[in-house]
> 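Below you will find the structure I want to go over with you.
All values below come from the heavy atoms of this structure, side chains included, with hydrogens, waters and symmetry mates left out. All ligand and atom numbering here is 1-based and tracks the order in the structure.
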Amino acid sequence: MNGDVSHKLPPAAGVPVFDLDLFCDDVLRHPYEVYAQLRAAGPVVYLLRHDCYAFPRYAEVRLALEDHETFISGKGVGLSEFGNKSRLGTPIASDPPHHTLVREIVADRLSLRAIREIAPQIQTKADELIALTLERGVFDGVVDFSRQFPLLVMADLIGLPEDGREHILDWADAGFNLFGPDNERMRNSMTRFPEVVAYIRSLEKPGRLRPGSMGAAIYEAAAQGKLRFEQCGPLMIAYLMAGLDTTINAISASLLLFGSNPDQWDAVRANPKLLPIAFNEAIRLEAPIQNLRRVLSRDFQLENIILPAGASVLMMYGSANRDERKWPDPEHFDVTRNPVGHLALGMGIHNCPGQFLARAETTAVLEGLVKNVSRIEVGAPIWHLNNVIRGLEHLPVKLHR
Ligand code: HEM
């Protein structure tokens, strides 16, 4: 069934059952102890409240992401029916052959080569932000810094007009809440969905999207018969939303981690070539997307447990990235670690197509800081609670020249 969220079967024999709400405020604020309990319990657990299995360890998440024929995305990767239906047919909620086709539409715009071409524009925007920030010295690392940057870059890339951008960040936050279960956060976010649809419709009028932009390319693909016109809106939403809170939180997490680990800041100052690795290490530790689901297309055997066809299985990226079975001293932020194989950007056919852009944006701002700042001092972080995004609401920052 399209957008199906439940299999309504008793948990498979031998699977540890947890009666906890993975999406309640407390767990969202402090997820890592809960993740450690789930990892200790076994390679697969059953979450009673969400009627789904979950893979908390690295090996199983990776295995599932690389087996897209067994662990499918086409029924949606969230835990609520509304959220899943709203995304069906977009890359994240589709399987081959449709996935291949729809992912191809703007793949060239996000390739490494394409991002290298726009890198100077990204750096200019980053430098403007850094100049302002250095003048201030003391600021909110989220409100005044991280949230200011990715929207500028994404809006340019997609070719958005200047007017109407003011709600996009709130919509992106709401969009990610829709991946969660049918909880209050999800239901509040549902009410924003018509505004998003109206905004995207307003972009369909001729002349609204910049010619040659990624947004224009989506509608051109429809004109060329590569996809249906009604698929353009959801695709626009998918790319616009996916590239914001994720990157914003990669930047915020980097500030927090470097602020809390001055020795690691000294290391990147001594060798700025470490910055792209530091980006990976920051999102390994604070994965902006914490959990998404897959549905089993057939029975799947894990050790002596049979998980039944039709079951939902949560891919716990944030937990897998801290699995002590995979990473030595996993809680430690180490910019020399080079965490190849981390799962913050996914893996397999659904791996993040925006990763070169996200890395370029994050390293552009960090490069600006590395040149000018000897120490990043941070105060107590306030976490922003979202069903799947791990990120900050506020972070007091003081820069020392
Ligand atoms: C640090 C920033 C980012 C993080 C951590 C991130 C994370 C992820 C993850 C984990 C997935 C895999 C989803 C799955 O397994 O089902 C994904 C897919 C995706 N990301 Fe990103 N992302 C980031 C930035 C971006 C940007 C900048 C864009 C757009 C320009 C983007 C667009 C997408 C899209 C369209 C998909 C779906 C791909 C598919 O299913 O084939 N992301 N991202």
> In terms of atom number and element, which parts of ligand 1 are under 4.0 angstrom from non-hydrogen atoms of Pro288?
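Reading through ligand 1 atom by atom, the close ones are 5 (C).
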> May I ask you to identify, for Arg294, whether its side chain, its backbone, both or neither come under 4.0 Å of ligand 1 on a heavy-atom basis?
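For Arg294, only side-chain atoms sit under 4.0 Å from ligand 1.
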> For His99, take its heavy atoms, then give the atoms of ligand 1 lying under 4.0 Å from any of them.
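Contacts of ligand 1 toward His99, numbered from 1: 39 (C), 40 (O), 41 (O).
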> For the ring pair Tyr53 and Phe300, is the centre-to-centre distance below 6.0 Å?
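No: the rings miss the under 6.0 Å criterion.
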> Any side-chain heavy atom of Phe356 sitting closer than 4.5 Å to one from Leu110?
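Of all side-chain heavy-atom pairs linking Leu110 with Phe356, none is under 4.5 Å.
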> Which residue owns the protein heavy atom closest to atom 7 (C) of ligand 1, what's the atom, and how far is it?
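Here the closest protein heavy atom is Ala344 O, 3.3 Å.
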> Looking only at N/O atoms, are Pro91 and ligand 1 under 3.5 Å apart anywhere?
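Looking only at distances, the answer is yes, because the N/O contact criterion of under 3.5 Å is met.
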> Side chains of Arg359 and Asn280: does their closest heavy-atom pair fall under 4.5 Å?
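Heavy-atom side-chain distance check passes, below 4.5 Å.
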> What residue and heavy atom of the protein are closest to atom 12 (C) of ligand 1, and at what distance?
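Looking at atom 12 (C) of ligand 1, the protein heavy atom closest to it is His350 O, 3.3 Å.
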> Identify, for atom 37 (C) of ligand 1, the protein heavy atom at the shortest distance, and state residue, atom and that distance.
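Scanning the protein heavy atoms, the shortest distance from atom 37 (C) of ligand 1 goes to Ile92 CB, 3.9 Å.
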> Kindly indicate, with the supporting measurements, whether the criterion salt bridge (charged side-chain N to carboxylate O under 4.0 Å, His left out) is fulfilled by Asp25 and Arg185.
CA-CA 10 Å; Asp25 291 7; Arg185 236 184 300 279; 3.0 Å; yes
> What orientation do Tyr58 and Trp327 show, parallel under 30°, tilted 30 to 60°, or perpendicular over 60°?
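Tyr58 and Trp327: perpendicular rings.
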> List every atom of ligand 1 that sits less than 4.0 Å from any heavy atom of Ala250, numbering the atoms from 1 in the order shown and giving each element.
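So the atoms of ligand 1 that pass are 1 (C).
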> Does the distance from a Lys or Arg side-chain N to an Asp or Glu carboxylate O, for Arg57 and Glu324, drop under 4.0 Å?
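The answer is no: the pair does not qualify as a salt bridge.
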> Could you identify the single nearest non-hydrogen protein atom to atom 13 (C) of ligand 1 and state the distance to 0.1 Å?
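Ranked first by proximity to atom 13 (C) of ligand 1 is Leu292 CD1, 3.6 Å.
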> From atom 35 (C) of ligand 1, work out which of Tyr317, Phe279, Phe356, Tyr239 has a heavy atom at the shortest distance.
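Checking each option, the heavy atom nearest atom 35 (C) of ligand 1 is found in Tyr239.
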> Can you tell me how the ring of His167 sits relative to the ring of Trp171, calling it parallel under 30°, perpendicular over 60° and tilted otherwise?
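Aromatic pair His167/Trp171 classed tilted.
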> Around atom 21 (Fe) of ligand 1, list the protein N/O/S atoms within a radius below 2.8 Å, excluding water molecules.
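Atoms qualifying: Cys352 SG.
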> Do NZ/NE/NH1/NH2 and the carboxylate oxygens of Glu184 and Arg187 come within less than 4.0 Å?
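Judged by the 4.0 Å cut-off on N to carboxylate O distance, Glu184 and Arg187 do not form a salt bridge.
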> Are side-chain N/O atoms of Asn183 and Asn387 paired as donor and acceptor at under 3.5 Å?
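Present: a donor and an acceptor within the cut-off.
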> Hey, can you tell me if Phe258 and Phe333 have their rings parallel, tilted or perpendicular (30° and 60° cut-offs)?
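Geometry flag for Phe333 against Phe258: perpendicular rings.
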> Do the side chains of Asn84 and Arg293 get nearer than 4.5 Å, heavy atoms only?
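Counting from C-beta outward, Arg293 and Asn84 do come under 4.5 Å.
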> Measure across Pro91 and Ser94 and return the closest heavy-atom pair with its distance rounded to 0.1 Å.
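Residues Pro91 and Ser94, closest heavy atoms: O-OG, 3.2 Å.
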> If we set the cut-off at 4.0 Å for heavy atoms, which region of Arg103 has an atom near ligand 1: side chain, backbone, both, or neither?
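The answer is the side chain.
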> Applying a 4.0 Å heavy-atom criterion (strictly less than), which segment of Met154 is in contact with ligand 1: side chain, backbone, both, or neither?
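Within the 4.0 Å criterion, Met154 contacts ligand 1 through side-chain atoms alone.
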> Heavy-atom distances under 4.0 Å are what count here, so tell me which part of Ile349 touches ligand 1: side chain, backbone, both or neither.
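For Ile349, only backbone atoms sit under 4.0 Å from ligand 1.
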